[in-house]
Number of protein chains: 2
Amino acid sequence: MSIDFQKNLSKETSGSLADQVRDHLRIRILRHEWLPGGKIPGEFELADQYDVARVTIRTALRSLETQGLIDIRHGSGAYIADFGDSVRAGLQELRSITQTIREMGHKAEMTTKSSVIRKATHQEAIDLQITEEDNVLHIERAIAADGTVVVFSYDTFNVAELTPAVIKKMTNGSVFTALNSIRKHPVRARAEIHAISSTDIGWGRDRPKSGLYLLLRQVHYLRNGTPIFTGDTYFVEGKFQFIIHRTV
Amino acid sequence: MSIDFQKNLSKETSGSLADQVRDHLRIRILRHEWLPGGKIPGEFELADQYDVARVTIRTALRSLETQGLIDIRHGSGAYIADFGDSVRAGLQELRSITQTIREMGHKAEMTTKSSVIRKATHQEAIDLQITEEDNVLHIERAIAADGTVVVFSYDTFNVAELTPAVIKKMTNGSVFTALNSIRKHPVRARAEIHAISSTDIGWGRDRPKSGLYLLLRQVHYLRNGTPIFTGDTYFVEGKFQFIIHRTV
DNA sequence: CATCTCTAAGTTGTAGTACAACTATTAAGG
DNA sequence: CCTTAATAGTTGTACTACAACTTAGAGATG
C-alpha cells in the first residue's frame, strides 16, 4: 500500500524526500490520527505506506522528535507526545505562524496595519549587514487565531533582496510564501527570547490589557549566509505554547 | 584510522552510539577544530575516523544540524554555521545554569531557601505520573551571577526515584551531578516558555522590583520515559540572554 | 490463584553495499 | 575570455542483514 502524499504537499516547496514525509506525518499527527501517548506505526510499516526506504522514515521521525511531536524509544516504538489544544510551536523549526495556527485546527487571520519603505535604523543596518543609507521595508501586522489576536509582528526587510511584486505580495499573504516565490526563503535564524510587559505593543481594540508578551527577536539568513530580514514577534502570553525538546 | 572517543565521554553516561558521536563532534566544533564557514570531513571519512557505519554519522550530523551548529548541503558537504560564539551557548545547551554562568566569565553562587518533602500537588502528580498521595521533594533556590540574582528555581522531584543520600547532596550541589551519582540523570526534557509578571516569585531583598520573568517550565525524563523531576525556572528579564538557533 | 522466570516476537539501532541526485571543479571547444 | 561538457566528489535514498532493546505471553513455581 502506498500513500499518495504528494498532492498534500503541493503548496510546500517540498525539500528532500525525508522532509516531505516529515511534513505529511506532522499533518497526520496534528489532525489527531493517533491519540496522545499512543503509538504510531512502526518504521517498516511507514516505509511501506509511503513507499520509501526505512532510512527515509527514520530521518523524518528523528526530525519530528526534535520538534517535540513524538518520542522514539529503542525497541518499543514512536509515541505521540501529549499536548493540549493551545496553539503549539517548536522553537527549533522555522515555520510560518499562520500556517502553524491552521495546522493546529484553528482559523488564522492576518491584518496589516502599515507597510512602508524607509531608511534603515542603526540596529537594522547592523543586523541586515547594510548601511543606514539603504532602504528597508517595514511591515506591522497582527495575527489572530479564531478571532483572537495572538501575535503582533514587526518585520524589516532588506529591500535590495526583494522585487516590487514580492513587496506587494508580502502585505497580503505570508512572508515565507512570498519569499518562496523568488527562491529567497530563509534556512536559518538567530533568535533572542525576552519577556516584555508594555502597553506600546499592539494596536486596536484587540490589544490585550495585560500587556504581557513573549518577544522573539530574530534575524533570518539565507543559505549563503546573507541576512534577508529581521522580525520582532510579540506573542501574547498564554495564547501560544512553545515547546522545546531538549536532548542531553 | 579510528578515533578513541570513548574516554572523552567517560563523564557522560553515553546514550546511543550516534549520540556519542554527536557529542564528540560537538566538542570538536566548539573547540574550533574547523573555522566558521569551513567544511568538516565527509561522511565516509568520519565513519572511518570513528569506526562506525555511515548511517550513524548521518544521524549525528542531522542532530548537529538541528542544533544549528552545522549546515548540511546535498552534494557538497557539511559546513560550520557562521555565527558568533555567543550563539553557541544557546537554550538547547542549558544543562547546568551555574556552569553556564561560569562559562560566561562570571562568578556563580547558589543559595537554597528551602528543601522540604511533602505531598504532590495536582499538577505535579500529572507531570510526574504519580498520585497526589505520593511524596515529592520540593527545593527552592536562587542563583546569582556576580552577586546579582538572575534566576529563581523551583524544582520538584519524585521521591520514589531518589535515595536519602542523594536528597542530602541535592541541597548543596548541582541537581544533575547528584542524579548522576545514582545513574538517574535525565536524557530528555520537555520545556515550555512563558512570560511572567508576578511579585510572588523570588524572595529576599534581591527580588527584582520589575517582577518580570522568563519562565522555563520543564519536565525531565529518564531514558525509559519516566519523569524524574519538574523544574520551574524563573529568569529575571534582562539579566539572562537567551539566544537560540532556528533551522528549517 | 498469584508470582516469577524465561522465551519469543516485535521494534528501533547499527552495519554494509549500491546507486541516484546534486555540487563543484576541471577540461574542452568556440 | 566565455560557455559548455565531462568528471570526480558528496549527500540522499534504497535494500538487506543483524544487533540491542522492549514487551507480551507462556510456563513453571510457590
Side-chain angles (χ1 to χ4, degrees), chain A residues 2-3 5-6 13-25 34 37-66 69-81 183 187 222-225 247, chain B residues 2-3 5-6 13-25 34 37-66 69-81 183 187-188 221-226 247-248:
Chain A
S2 168
I3 288 185
F5 64 98
Q6 296 291 348
T13 338
S14 55
S16 65
L17 191 52
D19 287 347
Q20 296 177 42
V21 172
R22 176 202 60 190
D23 291 337
H24 191 258
L25 276 173
W34 305 282
K39 191 164 135 190
I40 73 177
E43 296 176 352
F44 286 101
E45 184 179 335
L46 285 177
D48 240 29
Q49 286 185 9
Y50 287 96
D51 196 24
V52 298
R54 193 181 149 221
V55 63
T56 304
I57 295 293
R58 283 180 61 76
T59 303
L61 291 182
R62 274 259 178 187
S63 182
L64 288 173
E65 190 186 32
T66 64
L69 288 179
I70 64 173
D71 182 22
I72 305 176
R73 301 180 198 166
H74 183 191
S76 179
Y79 299 83
I80 303 292
R183 294 230 172 270
V187 296
L222 299 179
R223 180 163 296 283
N224 58 11
T247 52
Chain B
S2 167
I3 288 185
F5 64 98
Q6 297 289 349
T13 336
S14 52
S16 65
L17 190 53
D19 286 346
Q20 296 176 43
V21 173
R22 177 203 59 191
D23 290 338
H24 191 258
L25 277 173
W34 304 283
K39 190 165 140 190
I40 73 177
E43 297 177 352
F44 287 101
E45 185 179 334
L46 286 177
D48 241 27
Q49 286 184 10
Y50 287 96
D51 197 25
V52 296
R54 191 179 151 223
V55 62
T56 304
I57 294 293
R58 282 180 63 75
T59 302
L61 291 182
R62 294 279 300 199
S63 182
L64 289 172
E65 190 186 30
T66 66
L69 289 179
I70 63 173
D71 180 23
I72 305 176
R73 302 179 197 169
H74 185 191
S76 178
Y79 299 82
I80 303 293
R183 294 227 173 271
V187 295
R188 260 195 310 270
Y221 298 88
L222 299 179
R223 179 162 301 283
N224 58 10
T226 60
T247 54
V248 174

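A, B, ... follow the sequence lines: proteins, then strands. Residue 1 opens every chain. Given the structure is predicted, the values throughout are model-derived calculations rather than measurements.
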Mind listing the N/O atom pairs, protein and nucleotides 6-9 of chain D, below 3.5 Å?
unit_1, atom_1, unit_2, atom_2, d
D/dG9, N2, B/Gly75, O, 2.9

What's touching nucleotides 14-16 of chain D from the protein side, N or O pairs under 3.5 Å?
unit_1, atom_1, unit_2, atom_2, d
D/dA14, OP2, A/Ala53, N, 2.6
D/dA14, OP2, A/Thr56, OG1, 2.6

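Residues A/Trp34 and A/Lys39 have side chains not in contact (no heavy-atom distance under 4.5 Å, counting atoms from C-beta outward). Between B/Ile70 and B/Leu25 the shortest side-chain heavy-atom distance does not fall below 4.5 Å. Residues A/Leu46 and A/Val21 fail the side-chain proximity criterion, which asks for heavy atoms closer than 4.5 Å. Proximity of B/Asp19 to B/Arg22: side-chain heavy atoms (C-beta onward) are separated by under 4.5 Å at one or more points.
C/dT11 atom C1' lies 14 Å from atom CD1 of A/Ile70, rounded to whole Å. The interatomic distance linking A/Asp19 (CG) with C/dC22 (P) rounds to 14 Å, in whole Å. Separating the CZ atom of A/Arg62 from the P atom of C/dT12 is a distance of 13 Å, rounded to the nearest angstrom.
Checking the phosphate oxygens (OP1, OP2) of C/dG13, a side-chain nitrogen or oxygen of A/Arg58 falls inside 4.0 Å.
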Quiz item: How does protein reach along nucleotides 4-9 of chain C, written 5' to 3' as B (base within reach of a heavy atom under 4.0 Å), S (only sugar-phosphate), or - (no contact)?
Solution: ------
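Toward the 5′ end of DNA chain D lies the nearest nucleotide of A/Ala18, the other residue of the pair A/His74 and A/Ala18 mapping further downstream.
When the side-chain hydrogen bond (donor to acceptor under 3.5 Å, both in side chains) test is applied to B/Arg62, no partner is found at least two apart in sequence or on another chain.
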